[in-house]
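Input: a single structure, listed below in structure tokens.
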Amino acid sequence: MPFLTVQNVFCGYYEGIDILQNLSLNVDEGTFIGVIGPNGAGKSTLLKAIFGFLKYRDGKIQFKDREIWDLSPFEIKKLGISYIPQGSNNFPHMTIEENLTLGAWTFRHDKSRIKEGLEKVYDIFPVLSEKKKHKAEFLSGGEAKILSIAKEMISSPNLLLVDEPSAGLAPKIVSYVYEFLRNSQEKGITILLVDQNINQAIDNSQYLYMLEMGTVAMEGSAEIFRENLKDIIRDSLLGT
Amino acid sequence: MIDSLLLSQYLIAGIVIGIMYALMAIGITFIYSIMKMINWSMGEFYMMGSYLQYFLVVYFLGANLWFLGIPLSMAVVFVAGMIIQRYLLRPMFVGEMERKDEYATVVTVSLMVFFRNLAVVLAGPNQFAPPDYAGPTHIGPLPVSGNRFVALIGTLVILGLFYLIVKKTWVGKALRGSAQNRVGIQTAGVNVLRVDQIAFGIGVSLAAAAGALLAPIFLVWPENGAIATMKGFEIIVIGGLGSIPGSLLAGLLLGIVESLGSILISPSFRDVYGFILVLGILVVRPTGLFGERQRVA
């Protein structure tokens with residue numbers, strides 16, 4: 001059974017202006033897929049369309065053979081998809097623990113599962129455990145990113161959509177975040193990563209897509225991308 | 001000079017009325033903080049609450065069971081608010097829409113005009129007064145009108161319940177989350193449109209509670225919500241839009257200023273004292289006591 005398929009999708013923010021133009025890609029279960037491309041290529045738009053924030057105008061997006069056009073973000077979350085946006089998804093005036101608890105919304109009536117989820121997250125990210133009574137607004141940039149990842153991971157998703165996890169973070173945190181994503185994939189979570197950090201995307205993904213002007217300009221295994229790295233970076237920078 | 005007994009009596013009257021104003025303001029600010037829109041027809045939900053209370057008490061419950069009328073009026077207005085939100089406001093919040101707040105202004109101002117006229121059509125332009133809730137009583141040594149005392153206690157109970165719902169329940173968590181980060185609440189898997197609907201229902205039912213509690217004091221007529229709305233917005237300016245503690249404090253402040261102004265200067269300029277307070281706050285703290293500057297980008 002195909003896992004996530006995006007087929008000939010046209011999608012945009014305003015009528016008549018499509019950011020994604022006839023975009024197709026496939027994500028197999030258990031893989032780590034990278035999507036790279038220059039600014040404005042439609043990388044974030046793609047994730048928003050998958051998670052239901054944007055309705056696509058034409059084409060198909062299917063998750064486990066289920067067409068998701070008519071679903072809202074909360075219904076997509078229930079299917080087992082989590083989305084870590086590029087900007088903040090935290091609640092600044094709530095404590096870390098409250099933030100994580102809200103991340104467990106989809107199974108809020110199952111107290112033991114919430115407890116288990118919290119323990120698991122605190123185990124993976126000890127920094128959150130130390131500060132669980134702190135308000136999220138007082139976290140550093142790196143800690144806030146870890147919280148936003150943990151908040152979406154607590155529901156143990158099958159598919160994780162990640163948008164530019166390295167934007168604006170210190171190098172040490174960046175490598176920590178990618179290591180976490182890789183570990184998650186090894187534990188069976190499928191990852192669709194959108195990134196401008198081409199080196200990290202190539203190092204972590206198994207298969208990559210390069211977007212240009214809202215459509216797939218190149219696709220292939222990480223090896224192919226690594227061999228053509230120079231050309232890709234030049235293309236990315238110039239956006240040709 | 002004015003003796004201290006009279007002064008403290010007016011102080012208490014000010015606190016009572018102030019906390020009632022705060023109920024209106026909390027409703028406005030609550031809806032704003034979640035939906036980022038201002039409900040200009042808040043006073044008409046106050047009016048609905050007062051009419052419902054009047055008809056329930058006079059025709060169904062009887063004067064002794066007036067206290068049942070208040071939760072019933074709130075419940076009816078809560079449901080009415082949810083329906084209005086669903087069909088008139090929610091369509092603007094689906095998908096990406098620019099200038100939602102302006103559409104919301106047009107819709108809620110129209111609702112204001114509509115409901116005022118509907119009240120005239122249904123019940124006539126007359127004033128009604130439900131029977132007194134309670135006879136005169138005392139707070140310590142101070143005599144106080146029974147209706148006002150009931151209004152004070154009722155408001156405290158309602159605010160307590162409101163606090164518990166927002167702080168302790170899952171719905172409350174979702175409400176606070178939606179106010180703090182609209183993207184984050186959706187990635188958590190919460191149906192944000194449903195949250196909007198509940199927030200609108202709760203907000204307008206607070207206005208209805210104020211209307212029902214104040215019905216024997218400020219009476220029941222089609223435009224009785226206008227004053228409540230005005231006070232509500234005065235409080236929002238004083239306390240800061242989006243801050244519930246700000247609304248509470250500003251409500252008390254406004255009530256006390258109006259009350260003390262009435263006795264120390266002259267009761268004929270009652271409404272003016274509040275506006276002087278508003279102007280003073282705007283000069284010193286344009287964002288209101290608890291308001292924060294909006295951070296752009």
Side-chain angles (χ1 to χ4, degrees), chain A residues 11-15 45 47-48 51-55 71-95 97-109 111 114 135-137 144 147-149 151-155 157 160-163, chain B residues 29-30 32-34 36 86 90-100 163-199 240-246 290-297:
Chain A
C11 176
Y13 300 87
Y14 298 101
E15 234 178 281
T45 309
L47 294 191
K48 284 183 197 164
F51 200 70
F53 276 117
L54 272 178
K55 290 282 166 228
L71 300 185
S72 296
F74 77 99
E75 291 163 314
I76 288 169
K77 177 92 180 188
K78 271 190 220 152
L79 296 178
I81 301 179
S82 273
Y83 168 51
I84 302 171
Q86 188 184 349
S88 166
N89 60 347
N90 300 334
F91 309 115
H93 306 306
M94 292 190 200
T95 64
E97 185 138 321
E98 283 178 303
N99 267 278
L100 293 172
T101 315
L102 258 175
W105 173 267
T106 42
F107 50 95
R108 61 191 174 283
H109 301 302
K111 270 190 186 155
I114 295 175
K135 293 221 165 132
E137 61 186 325
L147 176 60
S148 57
I149 293 172
K151 174 173 157 261
E152 307 309 336
M153 288 298 291
I154 198 166
S155 58
L160 186 61
L161 311 171
V162 194
D163 196 352
Chain B
T29 223
F30 185 64
Y32 172 82
S33 62
I34 287 158
K36 300 287 179 281
R86 173 68 186 79
R90 180 169 154 175
M92 308 181 294
F93 288 83
V94 179
E96 302 266 327
M97 167 96 168
E98 281 182 80
R99 297 174 192 251
K100 281 178 204 157
Y163 177 84
L164 284 180
I165 289 173
V166 169
K167 277 284 174 193
K168 302 285 177 199
T169 65
W170 276 101
V171 172
K173 281 196 183 90
L175 287 164
R176 281 186 293 145
S178 305
Q180 292 174 30
N181 189 331
R182 227 176 143 81
V183 173
I185 201 70
Q186 295 186 77
T187 60
V190 176
N191 182 355
V192 79
L193 296 173
R194 186 89 190 142
V195 171
D196 284 346
Q197 197 179 13
I198 293 170
L241 188 56
S243 165
I244 286 174
F290 285 72
E292 280 171 21
R293 263 171 213 282
Q294 191 94 44
R295 205 163 56 185
V296 183

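The chains referred to below are lettered A, B, ... by the order of the sequence lines, with proteins before strands, and numbering in each begins at 1.
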Practice item. Using heavy atoms and a sub-4.5 Å threshold, report which of residues 101-109 of chain A line up against chain B, by residue number. Key: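 Within residues 101-109 of chain A, the residues under 4.5 Å from chain B are A:Thr101, A:Leu102, A:Gly103, A:Trp105, A:Thr106, A:Arg108.
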Under 4.5 Å from any heavy atom of chain B - which part of [X]:
X: A:Lys78; value: neither
X: A:Pro92; value: both
X: A:Glu75; value: neither
X: A:Ser148; value: neither

Review point. For chain A, which residues from residues 174-183 of chain B have at least one heavy atom closer than 4.5 Å to it?
Key: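 The stretch touches chain A at B:Ala174, B:Arg176, B:Gly177, B:Gln180, B:Asn181, B:Val183.
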**Study point:** Closest contact, heavy atoms only, A:Lys77 versus B:Ala188
**Key:**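 So the two residues come closest at CE-O, 3.7 Å.
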Point to revise | Euclidean distance, A:Ile81 CD1 relative to B:Thr187 OG1, rounded to 0.5 Å | key: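 The CD1 atom of A:Ile81 is 13.5 Å from OG1 of B:Thr187, to the nearest 0.5 Å.
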**Study point:** Side chain / backbone / both / neither for B:Ile185 at chain A, heavy atoms under 4.5 Å
**Key:**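 Both backbone and side chain.
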Practice item. Please name the residue in the list A:Tyr83, A:Phe74, A:Phe53 that meets the side chain to side chain contact (heavy atoms under 4.5 Å, CB included) test with B:Gln186. Key: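 Going through A:Tyr83, A:Phe74, A:Phe53 one by one, the side chain to side chain contact (heavy atoms under 4.5 Å, CB included) with B:Gln186 is satisfied by A:Phe53 alone.
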